[in-house]
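Below: the structure, in structure tokens.
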Amino acid sequence: MSLKAEIHIPINSDADIVTARQQGRELAQQAGFNGSDLTVISTAISEVARNIVEHARSGEIVLSVANGPGRSGLVVVARDHGPGILDISLAMQDGYSTGKGLGLGLPGTRRLMDEFEITSKPGAGTTVTMKKWRR
Amino acid sequence: MRVPILKQGGYLIASIQSALSDYELLQLRDDLSAQVGRFRSRGVIVDVTVLDVMDSFAVRTLRAIAQIGHMRGAETVIVGIQPEVAFAMVQLGLALGDVETALDLEEGLALLDLRTKRGESHVTES
Amino acid sequence: MADSKKRDKRTRIPGPSSLASPMGTAMLESTAVLLRELVSHLRENRTQLREEWARRITESQLLVAMTQEEIFKEATAVYDNYVAVLETGSVEALEAYARDLSERIIPRGVETREVLGIVLLLRDVLARSLFKKYQADFGLLNRVLDAYEPAANRIANTVGVGFVQERERIIRQQQEAIRELSTPVLQVRERLLILPIIGVIDPQRARQVTEQLLRGIRANRAKVVVIDITGVPSVDSTVANHLVQTVDASRLMGATVIVTGLSSEIAQTLVTIGVDLTKMKTIGDLQGGIEEAERLLGYRVTMMMQAPEQTAAK
């Protein structure tokens, strides 16, 4: 069991989105991911980080390496204390958007990752936890 | 960092040099829009070869660049999308819509020539 | 070995000192003493025990793919490694040897059953010799076995697991190779690629096919790609969706995709389950697909024999 330390990236502006996805790519590479998986992971991080900037203005991304039985992967947690999401199932529908987006952010991100979990409390914030396993 | 925009004949070539923040992407959009007007450009090429991520914001902005360009009389071609990036984009559900794409700068120029030649040759030949 | 780094680090077996850790220092020391005694006993009787073991292997019809000399050579190596583990408490050297052994004997068809069989035989042969040596003192025999058995079981475990892991690694490697082989990206003309897909497409293969094609597009600077799915027995909505993704991703790289070989059954299924492929360029068969691709690229194919006649007739 070698659980590497977590990497915390504060998200306060659009420049932090770039930092988050670059660090995500780096850590994924260290965890043994390659090829299109690296791109997929950094794209997913970009989307959840942007979600923080657009809806909550600030929050953080936490990256860590996961070692499960017989497999390893990358865990991305995006956390904010923004207004939260009123209707999660609505937000997870393709084409739904409250911001300036294409409405593909969260549902698209779920398609990119192997595991995707979202919890939100209106007024208290949103946490997205997603995982990608190495193939 | 501002994306350098090169004027070559009737075309504008924007070669992205490094990862861009949302703000820098919007700046590129505004710069291209202004220069298309100033130089009366017929075509715009945005070279994204160095980008290792194209998320929804980047795609949205590139589409906006193409649409704005079109309204001002210029065709836009996006060139250099990497294999991994293309795959991640379609998995995310992102498409460029009607925006033209080409493998690289050379192909992009050839495509623009094809698209804009008819109009030009009419003027020069008649 | 270069690729040994890639393999998982396996747990070390507890050394002699930790075997009896909950029982206090006195017991701890005596376990160490017992193991030392055990080791010297196994060293002294090396020749005889090793021969006994090799004989039992042959008797039990294990390692039938190997010659007597080979069996004896490997038996010697395993025996020495075995004693070394008892002495040092570290299985690392044994692990490395087990991997190396597995690598050599798997291609010869040695089975898991046989490998487990021989290590268990060695455990028995050595246990018997301990019975013989300590039969006079039952209490001492028990203490010797207490020290010996956990270590012996770890050793059997290490060798067995090493063998199975090596087999799994080979299977994975072969799967990888089969997948690569089954999706060739072929350049038939300048800037024209053909991707014939044969067999069942699962999501993992679909992903691999797409990645390979996209890389092929860049490497060959392809402008048109013909994907032929004549050899795909069934297409469900997942596979169709992958196909659409492949077409879209290729387009993002500036290449046009033509899909050929959609059988009438598959076409009907897709319509029934509501998959919309109307945005995709589809053509009945591979030949038609290639002709269309050539047209898109500006080629015109004429037959050598007919060409002059036609011009002469005009």
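Below, chain A is the first sequence line, B the second, and so on; all start at residue 1. Below, all heavy atoms of this structure are taken into account, side chains as well, without hydrogens, waters or symmetry copies. In this text, all values refer to a predicted model and were calculated from it rather than measured experimentally.
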Donor-acceptor pair, distance only, cut-off 3.5 Å: does the side chain of A:R25 make one with the backbone of B:D52?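 Yes.
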Flag, side chain of A:E47 to backbone of B:S56, donor-acceptor distance under 3.5 Å: yes
For [X] and [Y], work out which heavy atoms get closest and say how close.
{"X": "A:A15", "Y": "B:S21", "value": "CA-CB, 4.2 Å"}
{"X": "A:I17", "Y": "B:D22", "value": "CD1-OD2, 3.8 Å"}
{"X": "A:Q22", "Y": "B:A19", "value": "NE2-CB, 3.6 Å"}

A:V18 versus chain B, the contacting section by heavy-atom distance below 4.5 Å: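 Only the side chain of A:V18 comes within 4.5 Å of chain B.
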Tell me, for A:R110 versus chain B, whether the close heavy atoms (under 4.5 Å) come from the side chain, the backbone, both or neither. neither
Report the residues that fulfil salt bridge (Lys or Arg N to Asp or Glu O under 4.0 Å) with A:R21, sequence neighbours left out, ordered by chain and then residue number.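 A:R21 satisfies salt bridge (Lys or Arg N to Asp or Glu O under 4.0 Å) with B:D55 only.
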Could you tell me which residues satisfy salt bridge (Lys or Arg N to Asp or Glu O under 4.0 Å) with B:E75, sequence neighbours excluded, listed by chain and number?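 Per chain and number, B:E75 pairs via salt bridge (Lys or Arg N to Asp or Glu O under 4.0 Å) with no residue.
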Among A:T109, A:T43, A:V40, A:T39, the one residue meeting side-chain contact (heavy atoms from CB on, under 4.5 Å) with B:Q91: A:V40
Inter-residue atom distance A:S46.OG - B:F57.CZ, 0.5 Å rounding: 10.0 Å
Look at atom NZ of A:K121 and say whether more than 12 heavy atoms of other residues, nucleotides or ligands are closer to it than 6.0 Å. no
A:E115, CD atom: more than 12 neighbouring heavy atoms under 6.0 Å: yes
Could you look at B:F87 and say if it's the side chain, the backbone, both or neither that has a heavy atom under 4.5 Å from chain A? side chain
Between B:M89 and chain A, which part of the residue has a heavy atom less than 4.5 Å away: side chain, backbone, both or neither? neither
